[in-house]
Structure formats: structure tokens, C-alpha cells
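Below: one structure, written as C-alpha cells.
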Amino acid sequence: MRHARHLKLLFWILLGAVVAPPLAALDVDRAREIYGPCAACHGPFGAGGKKGEYPRIAGQSAKYMEQQLKAFQSQLRINLPMYPYTKERELPDEDMKLVAAYLAQIELPTRPPVFKDSDDALTRLLAMEKIMIVPRAEGDIDKGRAVYQQKCAACHGKKAQGRGMFPMLVGQYTTYLKKQIDAYLKADRPHDEDSAASGTLYTLQGGDIQDVLAYLTTLQEVGP
């Protein structure tokens with residue numbers, strides 16, 4: 001029992017350690033309570049699964065996350081594991097907005113901080129635990145850059161940080177992105193306002209998608 005309490009305490013410390021100051025305007029305690037069940041899959045920081053089985057949601061646009069939660073709730077986007085958690089009685093609109101805003105404020109750095117001699121072991125551990133770097137994907141980066149800037153940047157932003165209702169792509173797991181692209185191409189998930197067979201992804205040729213994925217992994221601000 002004592003061990004469980006210690007783990008719970010560490011969990012909340014870790015959550016608090018990655019939240020940016022603007023979150024102070026939100027009901028943090030309530031947001032953490034709502035997010036609690038989500039952490040089992042998406043992790044305490046919203047970093048997702050290390051193999052990309054669960055997406056990174058930390059730092060994602062609040063508008064986009066709320067949109068997707070609504071899509072899960074209505075089953076416009078079919079995801080059986082998500083459906084029970086997004087039912088209105090489990091996640092009413094107010095809670096949905098709050099948890100989306102909470103996650104949008106979480107920052108996952110891509111480089112270790114500079115520690116002070118006075119920093120203890122726990123401080124160092126917490127700082128290192130929240131670092132997230134997506135491994136470099138194979139592909140032609142120069143070609144991927146050209147394709148991305150021509151085909152994708154208008155919606156997702158020049159640096160893939162997302163824009164409005166369009167999600168952030170940088171810092172997302174390559175395997176997860178590939179899985180979602182496959183779902184779009186099979187019309188299992190709507191990609192844009194065009195019909196399923198005429199969306200942006202259908203205009204890409206040959207290895208363009210893999211090259212774009214490779215390019216996206218270079219946009220992280222990874223330091224030495």
C-alpha cells in the first residue's frame with residue numbers, strides 16, 4: 001500500500017514537472033483527475049507509447065484534440081478502445097475542453113537540461129524522464145522536404161507544428177503517423193474535406209510518404 005502511494009505521488013510530480021506556467025489559469029487538479037485513466041496508454045506526460053502504438057498528445061492543439069475526442073464519442077472516427085472513455089457520461093464537454101487545454105500546455109523537450117551541482121537525483125530523473133526524441137526515419141530528406149512544403153505545409157504549418165484544427169506532426173511517432181496514413185488511404189479515416197479518393201494523400205507518388213516521414217523526424221529541436 002505504501003509503495004502504491006509513493007508511485008501515485010511520483011506520477012503527479014511527473015505531471016506537474018512538464019506543465020508550462022500558463023496552465024495555472026486552468027483547474028489543474030481537475031484536469032489531472034480527468035487525465036488519470038488516459039495515462040495508462042498515453043503515459044504520465046502524454047508522450048504516448050514508445051513504439052508508436054499510442055500517439056503523443058502532449059503539446060497537441062487543444063482544438064484538434066477536442067475535435068478528435070468528439071469524433072471518438074460519435075464514432076465518426078472508429079476507435080473501440082477510446083469509445084468507452086469518451087462517452088458523454090464519462091467525458092462531458094466541459095471535461096473534454098479542460099483535458100484538451102491541459103495536454104496542449106505540456107512540453108516535451110528534445111534535449112537534456114543543463115543541471116546544477118545542487119540538483120538532486122530526483123530532480124535529474126524527472127527532467128530526463130520527460131525528454132522525447134523520435135528516432136530518425138529512413139528516406140530521402142531533401143525530397144521529403146520538398147513534398148511536405150508543397151503538399152502539407154499549408155495545413156500543418158511549415159515546421160509541422162499544426163494549425164487550428166490541423167494536428168501537430170513534428171514529434172509524433174513515425175509508426176503512428178504511418179498507421180494513420182494507411183487508414184486515410186483505405187478510407188477508414190477521413191483526411192480532409194475532399195472525398196476519400198481525392199484527398200491530398202492520394203496525390204503523393206511512390207516513396208513520397210516515407211520521404212515526408214523521414215523529413216518530419218529532422219524537424220525536432222534535438223541538441224547535441
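- Taking both residues in full, the closest heavy atoms of M96 and L69 are given as CG-CD1, 3.5 Å, listed atom of the first, atom of the second, then distance.
- For L213 against A137, the heavy-atom pair with the smallest separation is O-CB, 4.1 Å.
- Heavy atoms only, all atoms of each residue included: P113 and I131 are closest at CD-CD1, 4.3 Å.
- For the salt bridge (charged side-chain N to carboxylate O under 4.0 Å, His left out) test, residues two or more places apart in sequence or in another chain that qualify with K178 are D182.
- If you take OG1 on T175 and NZ on K50, they are separated by 14.0 Å, rounding to the nearest 0.5 Å.
- Residues in residues 114-125 take part in these side-chain hydrogen bond (donor to acceptor under 3.5 Å, both in side chains) pairs, two or more places apart or across chains: D120-T123.
- The shortest heavy-atom contact between K186 and Y202 is N-OH, 4.2 Å.
- Scored by the side chain to side chain donor-acceptor pair (under 3.5 Å) test, K143 finds D208 as partners (sequence neighbours excluded).
- Looking at every heavy atom in both residues, I133 comes nearest to T110 through CD1-O, 3.3 Å.
- Contacts of R30 classified as salt bridge (charged side-chain N to carboxylate O under 4.0 Å, His left out), with partners at least two apart in sequence or in another chain: E33, D95.
- Proximity of a side-chain donor or acceptor of Q73 to a complementary backbone N or O of T86 within less than 3.5 Å is detected.
- When side chains are defined from C-beta on, P55 counts as touching H42, because their heavy atoms get closer than 4.5 Å.
- Under a cut-off of 6.0 angstrom, the local environment of CD in E53 is crowded, with over 12 non-hydrogen atoms contributed by other residues, nucleotides or ligands.
- In this structure, Y54 has no side chain to side chain donor-acceptor pair (under 3.5 Å) partners at least two apart in sequence or on a different chain.
- A continuous path of hydrophobic side-chain contacts links Y173 to M65 [ILVMFWY only; heavy atoms under 4.5 Å].
- One hydrophobic cluster holds both L219 and I209 under the rule that ILVMFWY side chains link at heavy-atom gaps under 4.5 Å.
- To the nearest 0.5 Å, atom CD of residue Q150 and atom CG of residue L204 are 9.5 Å apart.
- The distance from the CD1 atom of I106 to the CG atom of L103 is 5.0 Å, given to the nearest 0.5 Å.
- Between Y102 and Y35, the angle of the ring planes lies from 30° to 60°, which puts this pair in the tilted group.
- Judged as a ring-ring contact (aromatic ring centres under 6.0 Å, His included), the pairs with a partner in residues 127-150 (not counting sequence neighbours) are, in order, Y148-Y215.
- Across all their heavy atoms, T174 and P135 have their closest contact at OG1-O, 4.4 Å.
- For residues 119-143, no residue pair satisfies the ring-ring contact (aromatic ring centres under 6.0 Å, His included) rule, not counting sequence neighbours.
- Between the side chain of Q172 and the backbone N or O of R56 there is at least one donor-acceptor pair closer than 3.5 Å.
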List the steps, then state whether side-chain contact (heavy atoms from CB on, under 4.5 Å) holds for H156 with F166.
-> CA-CA 6 Å; H156 294 283; F166 298 95; 4.1 Å; yes
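- In terms of hydrophobic clustering, with Ile, Leu, Val, Met, Phe, Trp and Tyr side chains grouped at heavy-atom distances under 4.5 Å, I34 and Y64 are assigned to different clusters.
- A side-chain donor-acceptor contact under 3.5 Å links Q60 to the backbone of M168.
- Distance CD1/I78 to CG/D188: 9.5 Å, rounded to 0.5 Å.
- One distance of note links OG of S61 with CD of Q161; it measures 11.5 Å at 0.5 Å rounding.
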Between R136 and I141, is a side-chain contact (heavy atoms from CB on, under 4.5 Å) present by the stated rule, with each step listed?
-> CA-CA 10 Å; R136 183 67 59 87; I141 294 173; 3.9 Å; yes
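- With rounding to the nearest 0.5 Å, the separation of CD1 in I181 from OH in Y184 is 8.5 Å.
- Both L169 and L185 are members of a single hydrophobic cluster when ILVMFWY side chains are connected at heavy-atom separations under 4.5 Å.
- Qualifying salt bridge (charged side-chain N to carboxylate O under 4.0 Å, His left out) partners for K87, counting only residues two or more places apart in sequence or in other chains: none.
- In this structure, T218 has no side chain to side chain donor-acceptor pair (under 3.5 Å) partners at least two apart in sequence or on a different chain.
- For D140, the side chain to side chain donor-acceptor pair (under 3.5 Å) criterion is met by no residue, not counting sequence neighbours.
- Residues forming a salt bridge (charged side-chain N to carboxylate O under 4.0 Å, His left out) with D93 (at least two apart in sequence, or on another chain): K70.
- Panel note: side chain Q220, backbone T217; a donor-acceptor pair is recorded below 3.5 Å.
- Pairs engaging residues 74-83 under the side-chain hydrogen bond (donor to acceptor under 3.5 Å, both in side chains) rule: Q68-R77, R77-Y176, R77-Q180 [sequence neighbours left out].
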